[in-house]
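Residue numbers begin at 1 in each chain, while the letters A, B, ... track the order of the sequences.
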Amino acid sequence: MPTKKISSETGNASLDLALDTIKIGKQAIVFVNTKRSAEKTAEDIFKKIKTNSHKLEELSNNILKSISSPTKQCHRLSRCIKQGIAFHHAGLVSKQRELIEDSFRYGLIKIICSTPTLAAGLDLPAFRTILKDLKRFGPRGMAYIPVLEYLQMAGRAGRPKYDKFGESIIVSISENDKKKLHEKYILGEPEEIHSKLAVEPALRTYLLSLIATNFVNTRKQIIDFFGKTFWAYQFRDMEKLIFIIDKMLNLLAEWEFIIQEKEDFASADKLDDNKIRATRMGKRVAELYIDPLTAYFFISCLKKSKSINEFSFLQMVSHTLEIRPLLRAGVKDQDWIQEKIAEFDSFLLEKEPSIYEHEYEDYINSIKTASMFYEWINEKDEEYLLENYNIRPGEIRGKMDIAYWLLFASSEISRILNLQNLNKEIIKLRIRLKHGVKEELLSLIKIKGIGRVRARKLHFNRVKDIKDVKNADITKLIQILGKQVALSVKKQVGQEVKEIPKGTRKGQVSLSGY
DNA sequence: GGACGGTGAAACTTCAGGTTGCCTC
DNA sequence: GAAGTTTCACCGTCC
């Protein structure tokens, strides 16, 4: 096999490879196994480079501007970007990711240190991919990643338009390691693909939606349908498959999402032809596309609710399969989480399980996750959440999106259950969650161009609702919001300002003292 | 003698990501 | 499993 030597400048193979890539005028993606490692590797590389680029400077500023209150992470990224190096993982907000991906395509950014976020889906080729870690922490400790994933990452190397070939390099730590990696990944076969239907949450979700859309209406049709899927093809054992389908049907019936019209049990054939249809609730659950188990959980929580507050619903949506992975409660978290449980005891829709129960850990994690949401709707910023919950801006957005959707689902369920008062509260909470604001800012947030930061500024300056905005002097509004936004706000409340009074001071009123 | 600071070893902690889904001005 | 972080014992210095 031909070999190629690369000068060792740092004593660290990944760094040397990255620096060499820049030297030969190409680009590389370095794949690592943790977010922290992505950030550190990028920093290690940028410290070895000195470039001066106006464009990079500008990009670096835009990275910071992607978020209303930049976190430590954002500053770190913006420092790396100044030298044409970036890190990339799910903790970045989508705007930042976009900026990085685009400028890598233009060739402005030379190296991206990434977790597997960049491995699949995106068309982001580089001349070189440097695979630093092929082991990752999983349920059973550190384990080699699947060959399929390796192929995904390796496949990023080689840009059809620019290069005739690409290089994908695995970094090994010893001769022994090298042998092992070569055998497993270079010579090895990729794993078999498994049907996603094989897991119960997916199966019951699809089963319900097939029934709800009248695609299938009898047990026989259901079995016929699933018999033709990839799942059945792979599973082979049709009898066991029918057993699982029956189990799911019984569950859906028990939860009152479907009704099996039992006419005549005289023969098995007839049983097979009995009509199965979705109930009103079942139909809506199928439309909402949530796991029926989650829907059933929501129903039982909402039905038994007595006293409620925001935390009630936040904890409820934080304890679903959809929102996983939950924030993990560490040793240090245990005390304050217990205090939270005590504080919100009467509001919790789900009581604390015994410490010996299997579900205890999940429950504690759901409280931690709910607390994070709770802080968000009480206007704590991203930096605070990063420090106290170890959750990064991009992950906050991701979790928030799911919770927002789950809250919508629960408000719909409460509507069908005729629990109007709950429905009202959930809708309010949903808006608060979306914008991360206290209740008092709800009316201001309706104005286009006003988010949590500007709404708080307005409120601090005694502009507390639409009426106040109407009454407010344009000069004052400009001081608070800046000219463009102030004019747009006035326009939205039906007051077009043609002429701005002279002597309006430039700059904005700050929030100092708040 | 006691407060304080520095040091290094030991113990502890943490660890990827993605798909759909709903509504709406 | 490995890297980063916290804790803690230990020692020397200074007042």
Side-chain angles (χ1 to χ4, degrees), chain A residues 12 14 31-41 43-44 87-92 94 97 113-122 131-146 148-150 152-153 171 173-174 177 180 195-197 199 201-202 205-206 208-209 212-213 283-292 294-295 298 317 320-325 327-334 365 387 389-392 394-395 397-399 401-416 423 426-427 430-431 433-434 445-450 492:
Chain A
N12 176 318
S14 313
F31 283 109
V32 295
N33 64 0
T34 64
K35 298 191 195 80
R36 190 156 65 184
S37 171
E39 296 178 15
K40 173 132 193 321
T41 312
E43 269 180 340
D44 287 347
F87 55 83
H88 191 288
H89 54 59
L92 308 186
S94 52
R97 288 211 228 176
C113 302
S114 170
T115 58
T117 24
L118 280 186
L122 267 167
L131 313 181
K132 201 178 159 196
D133 311 286
L134 289 177
K135 274 187 174 176
R136 192 181 302 142
F137 186 83
R140 272 171 245 98
M142 290 300 264
Y144 283 111
I145 62 166
L148 272 174
E149 264 191 58
Y150 158 74
Q152 282 284 2
M153 297 195 283
V171 177
I173 45 168
S174 64
D177 190 38
K180 237 193 250 168
S195 166
K196 277 199 160 184
L197 268 184
V199 289
T205 306
Y206 288 114
L208 179 59
S209 75
T213 52
K283 264 195 186 137
R284 193 67 187 121
V285 169
E287 282 165 7
L288 293 166
Y289 214 84
I290 55 175
D291 182 350
T294 299
F298 284 173
V317 297
T320 58
L321 286 176
E322 282 86 346
I323 209 153
R324 286 188 184 192
L327 298 190
R328 283 198 299 128
V331 183
K332 278 176 290 181
D333 294 322
Q334 297 301 327
N365 289 342
E387 287 299 314
Y389 291 87
N390 190 27
I391 185 168
R392 297 167 167 82
E395 298 164 306
R397 304 286 165 92
K399 286 270 174 285
D401 277 352
I402 302 173
Y404 186 68
W405 159 53
L406 287 173
L407 281 177
F408 175 76
S410 47
S411 84
E412 284 296 290
I413 288 173
S414 68
R415 203 169 49 83
I416 295 176
N423 188 27
I426 298 173
I427 289 171
R430 232 183 131 222
I431 305 171
L433 188 77
K434 182 169 185 180
I445 217 85
K446 285 181 194 151
I447 307 170
K448 213 174 145 194
I450 301 295
Q492 286 180 65

Task: For C:dG1, the Watson-Crick or wobble partner whose two distances fall under 3.5 Å - done: B:dC15

Nearest to the [X] side chain among [options], which nucleotide is it?
| X | options | answer |
| --- | --- | --- |
| A:T117 | B:dT13, C:dA2, B:dG17 | B:dG17 |
| A:R36 | B:dT19, C:dG1, C:dA3 | C:dA3 |
| A:K135 | B:dC22, C:dG1, B:dA16 | C:dG1 |
| A:P116 | B:dT13, C:dG1, B:dG17 | B:dG17 |
| A:P325 | B:dG18, B:dG17, B:dT20 | B:dG18 |
| A:K196 | B:dT19, B:dT14, B:dC23 | B:dT19 |
| A:M142 | C:dG1, B:dA16, C:dG4 | C:dG1 |
| A:I173 | B:dA16, B:dC15, C:dA2 | C:dA2 |

Open item on the list: Can a donor-acceptor pair be found, under 3.5 Å and without considering hydrogens, that links the side chain of A:D133 to the backbone of A:V32?
Closed with: no

Task: A:N33 backbone acceptor or donor facing A:S37 side chain under 3.5 Å - done: no

Length of the [atom1]-[atom2] vector between [X] and [N], whole Å:
| X | N | atom1 | atom2 | result |
| --- | --- | --- | --- | --- |
| A:E322 | B:dG17 | CD | P | 20 Å |
| A:F408 | B:dT20 | CZ | C1' | 15 Å |
| A:Y206 | B:dT20 | OH | C1' | 7 Å |

